[in-house]
Amino acid sequence: MTKKILILIFSFAMGSSWFYAQGPARERIKTLKVAFITERLNLTSQEAQSFWPIYNEYEETLERIRRTERMELRSQIAFIQDLSNAESSTLLAKFLDVQKEKHEAQLEFISEIKTVISPKKTLLLLKAEEDFKKRLLQQMRKRRGGG
């Protein structure tokens with residue numbers, strides 16, 4: 001296994017693991033995200049009634065996948081230098097499985113959500129999620145004194 005692949009896996013696992021806060025901070029982030037998405041999508045009350053259960057289920061699916069990712073990948077990545085080629089190959093296969101699972105969850109979510117909101121609002125949702133992540137990261141960097 002090449003060092004570039006191992007670095008990619010390590011960077012991804014470490015980058016995604018610190019992003020997801022715990023406890024009260026996590027709840028505050030969720031609340032801010034809901035408000036951000038609500039504002040950006042300008043959902044009607046009928047759309048909101050159908051949208052939020054689907055969206056919340058998708059978020060729960062992603063959290064389950066992330067939890068698996070942290071448990072199965074992150075612990076092994078810490079010892080990356082000590083892994084044999086066979087262990088590295090297994091770890092890489094797990095990484096790819098997790099990525100595939102995320103991708104399939106997103107495809108299923110988009111397929112379902114576009115029956116509730118327009119294609120334009122679906123695209124606005126995807127953009128709003130990215131914009132929210134960017135803002136959250138900017139705020140975290142400010143608080144840490146990183147710019």
Side-chain angles (χ1 to χ4, degrees), residues 1-78 80 83 88-147:
M1 175 171 303
T2 69
K3 284 187 177 185
K4 286 182 184 181
I5 292 172
L6 294 174
I7 290 170
L8 172 69
I9 293 171
F10 179 75
S11 298
F12 174 79
M14 295 310 291
S16 65
S17 65
W18 68 264
F19 181 76
Y20 302 99
Q22 299 291 321
R26 171 184 225 128
E27 289 307 312
R28 178 157 163 65
I29 290 169
K30 281 184 180 181
T31 301
L32 292 171
K33 186 176 183 183
V34 167
F36 190 84
I37 289 172
T38 299
E39 179 185 327
R40 289 288 181 98
L41 296 186
N42 194 24
L43 297 172
T44 66
S45 58
Q46 185 178 2
E47 287 173 330
Q49 273 187 319
S50 300
F51 172 84
W52 288 110
I54 295 168
Y55 187 83
N56 291 335
E57 182 180 329
Y58 171 63
E59 286 288 295
E60 287 173 15
T61 298
L62 286 183
E63 181 53 33
R64 180 187 51 75
I65 294 168
R66 288 181 198 117
R67 199 174 310 114
T68 299
E69 181 178 45
R70 285 189 300 266
M71 289 174 11
E72 292 184 12
L73 297 175
R74 192 170 149 208
S75 61
Q76 291 184 29
I77 287 174
I80 210 161
L83 296 178
S88 297
S89 182
T90 300
L91 185 60
L92 183 58
K94 283 182 186 178
F95 172 78
L96 293 174
D97 287 345
V98 167
Q99 296 308 304
K100 182 179 178 185
E101 192 175 358
K102 283 181 188 177
H103 180 71
E104 288 170 354
Q106 185 178 37
L107 290 176
E108 184 178 325
F109 168 70
I110 290 172
S111 175
E112 191 172 355
I113 208 71
K114 73 181 185 178
T115 67
V116 173
I117 59 176
S118 70
K120 183 175 182 174
K121 284 187 178 182
T122 301
L123 290 172
L124 285 170
L125 169 64
L126 299 175
K127 183 172 181 350
E129 287 181 318
E130 285 303 310
D131 290 348
F132 182 79
K133 285 180 197 173
K134 286 178 187 175
R135 280 195 182 178
L136 184 60
L137 289 171
Q138 287 171 348
Q139 290 298 317
M140 292 175 80
R141 285 185 189 123
K142 276 185 189 177
R143 287 195 175 120
R144 290 184 178 162

| request: Answer yes or no: is there a side-chain heavy-atom contact under 4.5 Å between Tyr58 and Gln106? | output: yes
| said: Check Glu130 with Lys127, please: is the shortest side-chain N to carboxylate O separation under 4.0 Å? | reply: no
| task | Apply salt bridge (Lys or Arg N to Asp or Glu O under 4.0 Å) to Glu72 and list each qualifying residue two or more places apart in sequence or on a separate chain. | result | none
| request: Evaluate side-chain contact (heavy atoms from CB on, under 4.5 Å) for Ile110 paired with Leu126, printing each intermediate quantity in order. | output: CA-CA 9 Å; Ile110 290 172; Leu126 299 175; 4.1 Å; yes
| Atom CG of Leu124 and atom CG of Leu41: how far apart are they, to the nearest 0.5 Å? | 6.0 Å
| field | CD-CD1 distance between Glu59 and Ile54, expressed to the nearest 0.5 angstrom | value | 13.5 Å
| message | Return the CG to OG1 distance between Asn56 and Thr61, rounded to the nearest 0.5 Å. | response | 10.5 Å
| For the student: nearest non-hydrogen atoms of Val116 and Phe51, plus distance | CG1-N, 3.7 Å
| side-chain contact (heavy atoms from CB on, under 4.5 Å) with Ile65: which of Glu101, Glu60, Arg70, Gln99? | Glu101
| query | Roughly how far, to the nearest 0.5 Å, is CG of Leu83 from CG of Leu92? | reply | 11.5 Å
| Step-by-step salt bridge (charged side-chain N to carboxylate O under 4.0 Å, His left out) determination, Arg26 to Glu63 | CA-CA 12 Å; Arg26 171 184 225 128; Glu63 181 53 33; 2.7 Å; yes
| said: Determine whether Val98 and Lys94 satisfy the following criterion, side-chain contact (heavy atoms from CB on, under 4.5 Å), listing intermediate values before the conclusion. | reply: CA-CA 6 Å; Val98 167; Lys94 283 182 186 178; 5.6 Å; no
| query | If every non-hydrogen atom of Ala48 is compared with every non-hydrogen atom of Pro53, which pair is closest and at what distance? | reply | O-CD, 4.2 Å
| said: As an exercise, state the distance from CD of Gln139 to CG of Leu32, rounded to the nearest 0.5 Å. | reply: 9.5 Å
| said: Classify the ring geometry of Phe109 against Tyr55: parallel below 30°, tilted from 30° to 60°, perpendicular beyond 60°. | reply: perpendicular
| task | Could you name each residue pair satisfying salt bridge (Lys or Arg N to Asp or Glu O under 4.0 Å) that touches residues 106-125, not counting sequence neighbours? | result | Glu47-Lys121
| Could you state the interatomic distance from CG (Leu136) to CG (Asp131), rounded to the nearest 0.5 Å? | 12.5 Å
| query | Is there a donor-acceptor pair closer than 3.5 Å between any side-chain N or O of Ser111 and the backbone N or O of Leu107? | reply | no
